[in-house]
Asker: 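Next up is a structure, given as structure tokens.
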Amino acid sequence: MCDYGATAFPTQLAVTCGFCCGTSDVNWFCKSCPGSLCNTCKQSHPSFPVFKNHIVVPRTNDVLRLYGPSKLAEQCRLHPEKEISTYCKDCQEPCCVTCLVQKHQKHIISTIEDAYLSAENRLNDNVKELEKDVIPTIDQMADKTEKDRSEKRVQIDRVREEVNTFRKELKEAVDESCDCLIEKLEHDETELDNLITKLNVQKGKIRELIKEVNEIIQKGDLSMIQYSPPSPCTFIPEVPTPRSTIPVFSPGRDILSIIKDRIGTVEWIEINSESKRTPISTAKFDPSMININKVGSFSSEIDVTSITTAGNNTAWVMFVSSDTMYLYDSSGGMVGSITVKGSNGINCMVITRSGEIIVTCKDRKVRRVSVSGEVSTLIDTSPFEPTGVCLTDSEDVVVCMRDQDEKNNHIAVYSPDTGRKLREIRGMDGQGNQQITVPHRVVSNGKDLYVVNWDPGHVVCVDERGDVGWVYNRKEAKLTGSFDPCGVSVDKYNNLLVTDIHNNCVHYIDREGRLIQIILTREQTGLEGHWGICVDDKTGQVWVGDGLVYFWTESKKVVICKYLT
């Protein structure tokens with residue numbers, strides 16, 4: 001079958017039917033022949049047994065591009081006399097009719113055009129994915145890297161200036177020491193020159209005396225008897241005895257290694273290693289999942305200003321004015337207790353992956369409690385009092401630091417091994433205002449830090465560099481009382497649960513700082529002063545404790561609730 005209509009320029013030449021050669025109503029194309037068909041031939045085409053299973057589609061430029069005479073008409077490499085006409089999906093290779101019979105029997109076969117179209121669609125999808133997802137991601141990474149480079153460049157310039165200043169001071173010290181050595185050598189050399197000059201002067205005087213004495217002797221008269229020349233010893237100058245030693249320079253031993261050691265090094269402090277980072281949870285949250293169900297409650301030995309789950313349906317509770325923390329199970333049974341002597345009261349605590357406990361104390365110490373119960377000082381935070389504490393994904397210790405006059409409050413990050421301060425975070429916003437004002441509690445979601453401020457009462461989200469992401473101040477909640485946040489916890493959806501002691505409830509906030517819903521109200525929990533809070537992701541339960549209640553009413557109560565279906 002010939003087809004004069006399947007050309008590379010269908011809009012410029014007359015289109016003819018491949019069967020009747022007519023030029024009217026040529027609107028169809030047979031993929032199997034291949035060739036163009038008019039309306040009449042399209043109706044009769046399937047009536048011929050040989051064309052029964054042919055595929056006829058509307059004639060479009062895309063169809064002609066794929067099925068007309070095109071780049072798909074290539075010769076088989078194994079059988080050059082044959083054209084490639086099919087594609088083996090099992091072997092993933094194009095083949096001719098001979099290849100089909102010899103190598104690809106019982107394989108899944110498609111037409112070369114369908115394989116080409118499938119590959120084109122797949123590549124187009126890849127291009128779309130690159131344009132839609134990959135390129136914007138790269139752009140974001142580039143923007144972040146550029147910002148990071150700009151910030152680091154300031155620090156690099158400062159360190160470079162410090163190194164050059166130290167280099168200048170060191171060079172001046174070396175020059176001064178070497179100048180002293182050279183000056184001493186030159187002084188000794190001058191003394192030797194002066195001695196030679198003095199000896200030469202005396203030698204001249206002696207020669208003159210010898211000449212004088214010889215002249216008297218030559219006269220041969222009686223004056224010689226009366227002549228009394230000076231004693232020869234008077235011509236010997238009083239000079240130091242010439243030394244038999246020579247000067248030798250003895251450089252300081254291992255001076256180069258000592259200087260390198262004394263000069264020091266430039267180190268890059270690791271803020272957050274990507275290899276250690278745990279990715280933010282991608283679990284999908286739906287507000288319809290919220291369903292408050294109180295599953296238990298018990299009374300504790302103390303009011304609960306801080307609470308931390310410890311696994312196996314247990315939790316540590318503590319009170320800010322007590323140096324003892326108590327471990328309870330979900331039924332209210334006391335499992336154990338630990339007393340941190342000399343702490344003047346425990347502000348907050350967090351448990352490491354190894355089971356150790358990091359506690360912040362009112363005596364300006366951060367202490368480590370081993371699994372066996374041994375207490376040791378990890379950090380001395382003087383003059384600041386450490387309040388809230390949490391761990392990053394790399395287990396760096398993040399501490400809320402409060403000054404006596406509240407003017408230099410900030411967040412500090414410490415090494416968990418040495419207690420060395422790694423950096424300070426003050427939460428500066430785009431207008432240069434410090435948003436971390438009176439930090440009380442802090443929690444991490446593996447990427448950002450969420451800080452609870454007491455004055456003014458709000459929650460601040462900061463990234464690892466200390467840049468403010470958002471500030472939550474409860475305006476969306478439309479509550480009558482002031483917002484007094486006390487405790488904070490983060491769940492597996494990266495949503496925040498913030499206790500509000502004034503309104504006796506919990507603000508459930510998403511990762512963008514937007515209020516989802518007010519939950520765990522006084523009516524739902526029976527608590528009078530929501531303070532300590534902690535989510536147990538393994539059980540999906542939240543532990544909430546009564547803290548200091550107004551009018552000195554002590555509740556000492558802990559409630560356990562299931563808050564999501």
Side-chain angles (χ1 to χ4, degrees), residues 144 147-156 158-159 267-274 276-278 280 347-348 350 358 360 364 366 378-473 485 487-490 494 496 498 509 511-513:
K144 182 178 179 181
K147 183 178 181 181
D148 189 52
R149 183 181 68 172
S150 299
E151 294 175 351
K152 283 186 172 63
R153 183 171 291 166
V154 175
Q155 186 71 2
I156 289 172
R158 185 184 66 80
V159 175
E267 297 179 359
W268 290 86
I269 298 176
E270 182 179 358
I271 294 179
N272 249 334
S273 172
E274 293 297 329
K276 296 180 181 178
R277 172 166 297 176
T278 52
I280 294 180
N347 282 324
C348 193
V350 67
I358 306 295
T360 57
R364 296 178 173 82
V366 177
L378 176 63
I379 307 165
D380 186 341
T381 61
S382 301
F384 299 95
E385 178 182 340
T387 53
V389 62
C390 75
L391 300 176
T392 66
D393 52 336
S394 57
E395 295 220 312
D396 290 339
V397 183
V398 184
V399 184
C400 297
M401 308 287 276
R402 294 180 58 181
D403 196 5
Q404 186 172 3
D405 57 8
E406 308 286 9
K407 292 183 179 179
N408 296 312
N409 296 343
H410 60 277
I411 300 294
V413 184
Y414 294 89
S415 165
D417 302 317
T418 64
R420 181 172 63 93
K421 182 185 288 188
L422 302 178
R423 64 190 183 279
E424 292 183 359
I425 298 175
R426 299 185 180 273
M428 308 303 293
D429 62 17
Q431 288 73 42
N433 300 316
Q434 181 173 335
Q435 293 296 337
I436 296 178
T437 51
V438 185
H440 173 64
R441 291 288 185 266
V442 60
V443 69
S444 171
N445 72 345
K447 178 185 178 184
D448 299 323
L449 296 174
Y450 303 111
V451 184
V452 169
N453 275 305
W454 259 0
D455 185 18
H458 60 213
V459 182
V460 182
C461 170
V462 294
D463 62 18
E464 59 187 15
R465 293 188 303 269
D467 295 335
V468 175
W470 49 260
V471 176
Y472 174 81
N473 53 17
V488 61
S489 186
V490 60
N494 293 307
L496 292 180
V498 182
I509 307 168
R511 68 182 69 177
E512 302 298 329

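Quantities reported herein were computed from a predicted structural model and do not represent experimental measurements. We use all heavy atoms of the structure for the numbers below, so side chains are in, but hydrogens, waters and symmetry mates are not.
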Asker: Side chains of W470 and R511, heavy atoms from C-beta outward: is any pair under 4.5 Å?
Answerer: no
Asker: May I ask you to decide if D455's main-chain N or O and T437's side chain share a donor-acceptor pair within less than 3.5 Å?
Answerer: yes
Asker: Contact between P439 and N453 at the side-chain level, heavy atoms closer than 4.5 Å - yes or no?
Answerer: yes
Asker: Quick check for you: to the nearest 0.5 Å, what is the distance between N494 atom CG and D448 atom CG?
Answerer: 9.0 Å
Asker: Can you name the nearest heavy-atom pair linking Y414 to G419, along with the distance?
Answerer: CD2-O, 3.3 Å
Asker: Just jot down the side chain to side chain contact (heavy atoms under 4.5 Å, CB included) partners of Q404, sequence neighbours excluded, or say none.
Answerer: none
Asker: Nearest 0.5 Å please: distance from the CG atom of N408 over to the CZ atom of R426.
Answerer: 6.0 Å
Asker: Among residues at least two apart in sequence or on other chains, which ones pass salt bridge (charged side-chain N to carboxylate O under 4.0 Å, His left out) with R364?
Answerer: none
Asker: With heavy-atom distances below 4.5 Å as the criterion, would you say the side chains of K147 and D467 are in contact?
Answerer: yes
Asker: Considering only heavy atoms from C-beta outward, does the side chain of D393 approach that of S444 to under 4.5 Å?
Answerer: no
Asker: What distance do M401 atom CE and I411 atom CD1 have between them, rounded to the nearest 0.5 Å?
Answerer: 9.0 Å
Asker: Could you give the distance from CD1 (I379) to OG1 (T418), rounded to the nearest 0.5 Å?
Answerer: 8.5 Å
Asker: Whether the side chain of D403 engages the backbone of K407 through a donor-acceptor N/O pair (distance < 3.5 Å, no angle test) should be reported.
Answerer: no
Asker: Evaluate the side-chain proximity of V389 to N347: yes if any heavy-atom separation is below 4.5 Å, no if none is.
Answerer: no
Asker: Which atom names give the shortest non-hydrogen contact between P416 and D396, and what distance separates them?
Answerer: CD-OD1, 3.4 Å
Asker: Walk me through whether S415 and D417 qualify under side-chain hydrogen bond (donor to acceptor under 3.5 Å, both in side chains).
Answerer: CA-CA 5 Å; S415 165; D417 302 317; 4.5 Å; no
Asker: Checking side chain to side chain contact (heavy atoms under 4.5 Å, CB included) between I436 and each of N409, I425, L449, which is the one that passes?
Answerer: I425
Asker: Are any of the side-chain heavy atoms of L391 and V398 separated by less than 4.5 Å?
Answerer: no
Asker: Going by heavy atoms in the side chains, are V498 and I509 under 4.5 Å from each other?
Answerer: yes
Asker: Using the salt bridge (charged side-chain N to carboxylate O under 4.0 Å, His left out) criterion, which residues pair with E406? Sequence neighbours excluded.
Answerer: R402
Asker: Would you give the length of the straight line joining atom CZ of R441 to atom OG of S489, rounded to the nearest 0.5 angstrom?
Answerer: 12.0 Å
Asker: Parallel under 30°, tilted from 30 to 60°, perpendicular over 60°: which one fits the rings of F384 and H410?
Answerer: perpendicular
